Each structure stands twice: as C-alpha cells, then as structure tokens.
Amino acid sequence: PRPPPPPAAGARASAPRGVGGGGGIAGRATAALLARGGARVTLLERHDEVGGRAGTLEVDGFRFDTGPSWYFMPEVFEHFFGLLGARVEDHLDLVPLDPAYRVFFEPGADGAASTFELSGNAGVNRSRLDAIEPGAGGRVAAYAEDASEAYGLALDHFLYTTFERPDRALSPAVLRRLPRLAGLLRESLADRAARAVDDPRLQQLLGYHAVFLGSSPYRAPALYSLMSHLDLVDGVQYPRGGMYTLIEAVERLARDAGAEVRTGADVAGIEVVPGAGRRGRVAGVRLASGELVEADVVVSAADRHHTETALLEPRWADLPAAAWEDKGPGISALLVLAGVRGELPELAHHSLFFTKDWPANFDAVLGPDRRSDPRGLRVPEPASLYVSRTSATDGPTSAAPAAPPGHENLFLLVPFPADPTLGGDEPSQRTLEGLADRYLAQVGRWAGVEDLPGRVVTRRVLGPAHFATELSAWRGGALGMEHTLRQSALWRPGNASRRVDGLYHAGGGTIPGVGLPMCLISAELVAKRLLGETSARPLPEPLREGFLAASRRPERLRPADRPVAVRR
C-alpha cells in the first residue's frame, strides 16, 4: 500500500496498532519499545500471569524463580532500559555474588567430591587454578582475555544486527579477524578448552556455558568461548527479590509506554490475507474464544515451532512442519523446586555438579545426531546438574525472603532429553518424581548433606511435558532451538517473515538466540526491522517517543485504527 498523506496541521494521525504475543521477557520488551515508538500495542498472554519461561512460583512460604537464574551481560540490560529512558538501578537491586558459583566434581573411590569456587578476586582464582594444574591460572587468564575480545566483537558487530544486510556486519575490525573467527567456527568449544588446559575439571569450567545455549561443549562452536568473559571477567550478579523482579520491571516499562496487557488471551491463529504477488499480509490474530484482534503488525514471541506449525497456515509459514525434521531442539530440563528444613551452607547461591564422564552425559541428553532423535536419548544418571539457592542471598533478614525462617529453597535443573512424553501422564510423572529423589540424594551426597532428601518439606517436579503443554515448546525443550553452527547467527531463523508482510518474531526462536539478554536484543531487532535500520549497531538511547514515525518503511506503519499484537 502507498504511504498515507501527512495529517492536516494540528491534526494527529492515529497510531498503527499491533498485537504481540507473549508475556515472556521478549514479548514485554517488544511491547515496551513499539509503544514508545508510537504504536498502539496490545500484548496477549495465554496464562493469567505473565513471565513465560522466566516465571515465579510461591508455595508454602517458599519463592522460586522457575526459569532463568543467572544475571549475565549487564550491559545489555543497561542498554535496553536506557532505550526507554530508564535506569536499571532504579528498578533492580543488584548485588555481586562472591563466590560467583561453587563447583562439585564427581567423587572418586574415597567418596569425597572435590570442589572449586570462582571468587570475585582474580588473584585468588589464579591460585586456585594453579593448585589444580600448575600454570593453569595464567593460561585461563589468557583464555579469558581472548574471550573478552570475542565478546566485544559479538556485541559490536553481530548481536544487534537483523542480518537483513549481512555485509553491514563486515567492518574492517571484523575482516581483520576473519581467519581467527573461521578457526573458532571450525572447532568445538570442548576442543578450544582442551587447548587451554589439560585437567578435565578445568575444561569443564570453560565449557559448561554451552548448556546455557541448549547445547553441549562438544557440539557448540568454539566461538562461544566468548561466554567465559561473563563469569571469569564480569562476575555474576543477582537481583534481590529474584529474577522475576526483572520481568516485573520490563512490564512496568511496557505499561508506562502505553502498551495494553491482556492475560487469559489464548491466541489460536495468526490471520493472514492475500497481499501483493504471492505474499500475504497480517490482519490480526484470532483468539481461542473466536475474537479477532485486528492489527497491522503482529510480533510473535511464542515458541517458533508453535508459531510456524500451529498459528500459521502452511502456505504462509517460512518453516512448515517438514522444515523442522533436520533441526535440533537442544536440551530440555527436569526442574525440582524444593523447600528444605534447616540451613544449607554447603551450597552456594549457584552450585554446579559435574560428572566425570561428560561426553556420555551429553550423549544421553542430546544423542549422537543433530536432530536429537528421541529414540536415541536417555535420562542421565548420575547427572551433571545445576542448583540455585536464592535463600543464600534473599535470606530471612532480606526485604523479600525466599524461604520461611529456618528453611532454604533449592532449584535443581537437570539437563534432560527433549522428549515431551516425559512427565506427560501419571506413570511418567511418577518416574520423574523418583528421579527427583535420586538427584536430590546425589546433590546431598556430593555436597556432604547426606540427609538432604529427608529434609525436603515441599517440592514441585516439572519435566519436558510441562514445557510442551504450558509454553507450547517444541518437543518440550527448556530454552529454545539449540545453538550449533547451523542454528546460530545468520543461519538462525530470521525475525521477519519471508512470506507475510507485517509478521515479525522475537524471543529465543529467532536471532540472536536464547537467554534473557538475547531476548531483549530480539525485541530491539524488531524495532530495527520496522525502522528499516540495517546497521549492526544498537539503537541510540534514549529512543525518542514516536520514533517509528521516522521509519524508512512507511507502508508497514500506515496509520490505522488497529493494534500491533505481541503474542505468546
């Protein structure tokens, strides 16, 4: 369609309306940015509470974050808040964690687990690393320096681009580093770690970040060694009151910008009408109730597989069902949320438990093929797993205690096969409950808390079926599509539909990837698409109110009496 004529003097054109789906952080962030840009935004969320994967649960006086629990990449959060004219420190009470985390390595024949703590002091870390492997402190410091360089390169040239113009990411700085980048893409993260240190335990310290990518260090490219910058250099922080305080802050920003948030709004389909040539054009979204929410722009922050195979007719889908047959869902998870009687000083705020036979552990969860065929997957036992004890920081004297007096809260995350049948019926759920018993016993045994299972006073156990039913997650995955070379950067599904004008994507199923910081960037990339901004730079902060009026694509933002929807 042709751009509309300018409004008469003194008149104000009605803003384009858009619907967005998803009350997770990507949906909320997109709603906030587009509302500030001048769009009339309606955020639709199927559940009665917003949050998506980054949810919260309060039961019997215990509070649990049910999703992301690491506050990494602080500059991404600061930039996003800055776009909206806000400051992180006015919304979150961030505290540094020291130790950043404690690692328990599988016990040997003597039954004692060796441990390692990452301190906030670089000199202390160097001594601790040297005690495990002479000279490792210096080699890890060099590894971290390389990781910082790669991290800066990613922030400056790759994370904030839509890849609509891939050539715009090829600055002189990138071109100079192309040979090194090519090498980091050819080898695995595990191989890169093995070149840095010899001790298998230290290699695990440099490779565990792959799990944050839904992958394993044996499948993720070595380029992701950049993630070691996050803990070895930046350190780890925690927002008092839990990670859900971040979700609440982004929701406040969205509402303050003028976005309407509708909960209990289950989107059944994205309405598409024929457009120019063979392309379609969004008309809005249809709710399960039958209501049509009209819109000029639809941003889906839902699971990408669900959007493409359930919300769109096959003729309008970029990735119809057959296209997913050679893609990998990455890991799922078994979550155990346990309220425990008594104190647990043996565990840090973040604790990691690593098995000796890491390759076998990851083979069980991901399988030998890139599709992670469920027929080749197994439940790991013993398991490499993660434990969060937020009551270590939000204790009884804090403003928002995570547990009742004399108790602690534990959140266990066990990387698990992406198989939505796990926990899908009562017999399977009973099996998961039995596994939860054994994983709790493993944590207690390795950490020297032998009576841990008997001290649990309340708990919830959630498996892949939970992610499949509650979040419409493809194959019950916990994070989103696995980050392998074939599913990263410009090879990851893009954020603008190739067949439907006005349809965009945000969240972990599109660029730049999974995790809270990446989801915030994905929201900004939607705004860049609507603006026609093809640079690899972040948008300037703060964004001026009504900034979408400066779009180079006025045909996609014509004034209308209809909203933009962001859906989940």
Side-chain angles (χ1 to χ4, degrees), residues 47 49 51 53-70 102 104 241-244 331-353 379-396 400-417 420-471 476 478:
H47 297 93
E49 299 290 338
R53 282 181 167 85
T56 186
L57 175 67
E58 295 190 19
V59 55
D60 298 333
F62 296 90
R63 187 191 71 245
F64 302 93
D65 286 318
T66 59
S69 55
W70 294 71
R102 183 175 299 153
F104 296 85
M243 294 294 290
Y244 196 72
I331 65 168
S332 185
L334 179 72
L335 306 183
V336 183
L337 286 60
V340 180
R341 182 180 63 256
E343 297 182 351
L344 293 169
E346 298 85 353
L347 299 172
H349 185 114
H350 296 302
S351 294
L352 300 164
F353 293 74
V379 169
E381 195 173 1
S384 293
L385 55 86
Y386 159 71
V387 178
S388 171
R389 179 174 69 104
T390 59
S391 51
T393 305
D394 282 333
H407 293 75
E408 302 261 29
N409 73 342
L410 294 184
F411 170 90
L412 275 67
L413 185 153
V414 185
F416 231 53
T421 66
L422 297 174
D425 55 28
E426 287 190 19
S428 182
Q429 183 62 29
R430 286 195 297 271
T431 298
L432 296 190
E433 296 283 349
L435 286 167
D437 291 335
R438 296 201 285 276
Y439 293 135
L440 281 165
Q442 176 189 326
V443 168
R445 199 165 52 249
W446 291 20
V449 192
E450 294 288 349
D451 61 346
L452 177 59
R455 289 165 54 182
V456 173
V457 297
T458 188
R459 80 176 191 188
R460 298 289 186 274
V461 177
L462 308 173
H466 164 79
F467 296 104
T469 57
E470 295 301 308
L471 301 173

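Atoms considered below: every heavy atom in the structure, side chains included; atoms not considered: hydrogens, waters and symmetry mates. Since the model is a prediction, treat every value here as computed from it, not as a measurement.
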Original post:
Is it true that a side-chain atom of Arg63 and a backbone atom of Pro401 form a donor plus acceptor pair closer than 3.5 Å?
Top reply: yes
**OP:** Go through Leu385 and Trp446 one step at a time and tell me if the side-chain contact (heavy atoms from CB on, under 4.5 Å) criterion holds.
**Re:** CA-CA 12 Å; Leu385 55 86; Trp446 291 20; over 6 Å; no
Subject >> Check: Ser332 side chain, Gly476 main-chain N or O, donor-acceptor pair, under 3.5 Å >> reply: yes
Subject >> Point-to-point distance, once rounded to the nearest 0.5 Å, from CZ of Arg460 to CD of Glu433 >> reply: 9.5 Å
**OP:** Flag the pair Phe353 / Val443 as yes when at least one side-chain heavy-atom distance between them is below 4.5 Å, and no otherwise.
**Re:** yes
Original post:
So does Asp437 pair up with Arg459, basic N to acidic O under 4.0 Å?
Top reply: yes
Original post:
If you draw a 6.0 Å radius around CD in Glu450, do more than 12 non-hydrogen atoms from other residues or ligands fall strictly inside?
Top reply: yes
Subject >> Close side-chain approach of Leu347 to Glu408, heavy-atom, < 4.5 Å >> reply: no
**OP:** Please round to the nearest 0.5 Å and tell me the distance separating atom CG of Asn409 and atom CD of Glu58.
**Re:** 11.0 Å
Subject >> Closest non-hydrogen atom pair between Ala465 and Pro420, with its separation >> reply: CB-O, 3.4 Å
Original post:
Side chains of Val59 and Phe64: does their closest heavy-atom pair fall under 4.5 Å?
Top reply: yes
**OP:** Kindly give the heavy-atom pair with the smallest separation between Tyr244 and Gly55, and that separation in Å.
**Re:** CD1-C, 3.8 Å
Original post:
Do the side chains of Asp65 and Ser388 get nearer than 4.5 Å, heavy atoms only?
Top reply: no
Original post:
How many angstroms lie between atom OG of Ser69 and atom CZ of Arg389, to the nearest 0.5 angstrom?
Top reply: 14.0 Å
**OP:** Any chance you could measure Leu435, atom CG, to Leu412, atom CG, to the nearest 0.5 Å?
**Re:** 12.0 Å
Subject >> Heavy-atom closest contact (Gly67 atom, Phe411 atom, distance) >> reply: O-CZ, 4.0 Å
Original post:
Which heavy atom of Tyr439 sits nearest a heavy atom of Ala383, and at what distance?
Top reply: CE2-CB, 3.6 Å
**OP:** Could you check if a side-chain atom of Arg455 sits within less than 4.5 angstrom of a side-chain atom of Val449, using non-hydrogen atoms only?
**Re:** yes
**OP:** Can you measure from OG (Ser384) to CG (Leu413) and round to the nearest 0.5 angstrom?
**Re:** 12.0 Å
**OP:** Walk me through it: do Glu381 and Gln442 pass the test side-chain contact (heavy atoms from CB on, under 4.5 Å)?
**Re:** CA-CA 9 Å; Glu381 195 173 1; Gln442 176 189 326; 5.7 Å; no
Original post:
Are Leu452 and Leu344 close enough that some pair of their side-chain heavy atoms sits under 4.5 Å apart?
Top reply: yes
Original post:
Can you check whether Glu470's main-chain N or O pairs, donor with acceptor, with His47's side chain at less than 3.5 Å?
Top reply: yes
**OP:** Check Pro380 against Val414 and note the closest heavy-atom contact, atom names and distance.
**Re:** CG-CG1, 4.4 Å
**OP:** Please tell me if the side chains of His349 and Thr390 come closer than 4.5 Å, counting only heavy atoms from C-beta onward.
**Re:** yes
Original post:
So, does Asp451 use its side chain to make a donor-acceptor pair with the main chain of Gly454 at under 3.5 Å?
Top reply: no
Subject >> Rounded distance [0.5 Å steps], CH2 in Trp70 versus OH in Tyr386 >> reply: 6.0 Å
Original post:
Counting distance only, does the side-chain N/O of His466 pair as donor-acceptor with the main-chain N or O of Pro464 below 3.5 Å?
Top reply: no
Original post:
Which pair of non-hydrogen atoms, one from Gly61 and one from Pro404, has the smallest distance, and what is that distance?
Top reply: O-CD, 3.4 Å
Original post:
Heavy-atom distance under 4.5 Å between the side chains of Leu334 and Val461, does that happen here?
Top reply: yes
